[in-house]
Amino acid sequence: MTSKVDEALGYEQARDELIEVVRRLEAGGTTLEESLALWERGEELSKVCRRWLEGARARLDAALAEEESPEGEDAGSESGGAGSR
């Protein structure tokens, strides 16, 4: 579960920290315990990023649906006959 601090992280902050975690893991030279702690932190940061991206996708989808709704209703009733051929 993510902490309150993680929830307050912006997407860019979480992404940048995740990049640093991955860099440290790839560089090696850490103990097993350090590596596990880094991995766990990376998983938490990944979740934070995923939530931000899912939220952004939902906002985009809502905006697109709102934009298409008035046109979609008119176009749908007009093209309904043509599409059923």
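All figures in this text were calculated on a predicted structure; none of them were measured in a lab. Positions are given from 1, in the same order as the sequence printed here. Computed over heavy atoms, backbone and side chain alike; hydrogens, waters and symmetry mates excluded.
Minimum heavy-atom separation, Thr30 to Ser35: OG1-OG, 2.6 Å. Contact between Val21 and Leu38 at its shortest, heavy atoms only, is CG1-O, 3.2 Å.
Annotation: the span from Glu17 atom CD to Cys49 atom SG amounts to 9.5 Å, rounded to 0.5 Å. One distance of note links CZ of Arg50 with CD of Glu54; it measures 7.0 Å at 0.5 Å rounding.
Linking Ile, Leu, Val, Met, Phe, Trp and Tyr residues whenever their side-chain heavy atoms come within less than 4.5 Å places Leu18 and Trp39 in a single cluster. Using a 4.5 Å cut-off between side-chain heavy atoms of Ile, Leu, Val, Met, Phe, Trp and Tyr, with links allowed through other members, Leu53 and Val22 fall into the same hydrophobic cluster.
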Using residues 9-16 as the side-chain source, report each donor-acceptor pair under 3.5 Å to any protein atom, sequence neighbours left out, with the distance given to one decimal.
residue : atom : partner : partner atom : Å
Gln13   : OE1  : Gly10   : N            : 2.8

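Counting side-chain heavy-atom gaps under 4.5 Å among Ile, Leu, Val, Met, Phe, Trp and Tyr, Leu64 is found in no cluster with other residues. In this structure, Leu60 stands alone, with no Ile, Leu, Val, Met, Phe, Trp or Tyr side-chain heavy atom under 4.5 Å from its own, directly or through other members.
Residue pairs meeting the salt bridge (charged side-chain N to carboxylate O under 4.0 Å, His left out) criterion with at least one partner in residues 55-64, sequence neighbours excluded, are Arg57-Asp61. Sorted by first and then second residue, the pairs that involve residues 23-34 and meet salt bridge (charged side-chain N to carboxylate O under 4.0 Å, His left out), not counting sequence neighbours, are Glu20-Arg23.
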Exercise for the section: Show the numbers, then the answer: is there a salt bridge (Lys or Arg N to Asp or Glu O under 4.0 Å) between Glu44 and Arg41? Expected result: CA-CA 5 Å; Glu44 292 301 316; Arg41 181 63 181 156; over 6 Å; no
